[in-house]
Amino acid sequence: MEPVFALAFGIMVAVAGYLLMSRNVLRVVLGLLVLGNATNLSIFLAGRMGSRTPPLVAAGETALIGGANPLPQALILTAIVISFSLVAFTTVLFESAHRRLGTVDTDAMRDAEPETAKKAPSLPKHVVAKKTEPAE
């Protein structure tokens, strides 16, 4: 069963990479969501899926033997919350950019930058040094 999940992980990472390289910001957000789910799947795969024994330590034992590791499951629950908040925050940022610039194309958003921001910054007048007379 693990090779099927490993293949699904590879496909999810490939789809996320494709979506993240898109020029449409909605696809970028969906790529972040798919990448977060692929990460959760990889953490889940790292936690020994094959065991059906509950993660309980028997009386008198000091270590878990042959059971599923509960730590990756707890990490996945945390990662789900973090990835959801990241996608929600990114969606709000892209919606604000869409309202301000009127486009969802990343190249068009780059063209909407003011020309002064593209030039090299010049020194303010109060920073420019005055000429001084040489001392004799």
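A distance of 10.5 Å separates CG of Leu26 from NE2 of His98, quoted to the nearest 0.5 Å. Expressed to the nearest 0.5 Å, how far OG1 of Thr103 lies from CZ of Arg23 amounts to 9.0 Å.
Applying the salt bridge (Lys or Arg N to Asp or Glu O under 4.0 Å) test to pairs two or more places apart or on separate chains, none has a residue in residues 32-47. Listed by first and then second residue, the salt bridge (Lys or Arg N to Asp or Glu O under 4.0 Å) pairs involving residues 28-39 amount to none (not counting sequence neighbours).
Between the side chain of Ser22 and the backbone N or O of Tyr18, no donor-acceptor pair lies under 3.5 Å.
Here Phe89 sits in one hydrophobic cluster together with Leu93; the rule is ILVMFWY side chains under 4.5 Å apart, joined directly or through other members.
Shown here are the side-chain hydrogen bond (donor to acceptor under 3.5 Å, both in side chains) partners of Asn24, two or more places apart in sequence or in another chain: there are none. Legend: residues meeting side-chain hydrogen bond (donor to acceptor under 3.5 Å, both in side chains) with Arg99, ordered by chain and number and at least two apart, are Glu95.
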Can you give the donor-acceptor pairs under 3.5 Å from side chains of residues 27-44 to other protein atoms, not counting sequence neighbours?
unit_1 : atom_1 : unit_2 : atom_2 : d
Asn37  : ND2    : Leu33  : O      : 3.4
Thr39  : OG1    : Leu35  : O      : 2.9
Asn40  : ND2    : Gly36  : O      : 3.4
Ser42  : OG     : Thr39  : O      : 2.7

Show me, pair by pair, the donor-acceptor contacts under 3.5 angstrom made by side chains of residues 79-88, not counting sequence neighbours?
unit_1 : atom_1 : unit_2 : atom_2 : d
Ser83  : OG     : Ala79  : O      : 3.1
Ser83  : OG     : Ile80  : O      : 3.1
Ser85  : OG     : Val81  : O      : 3.3
Ser85  : OG     : Ile82  : O      : 2.8

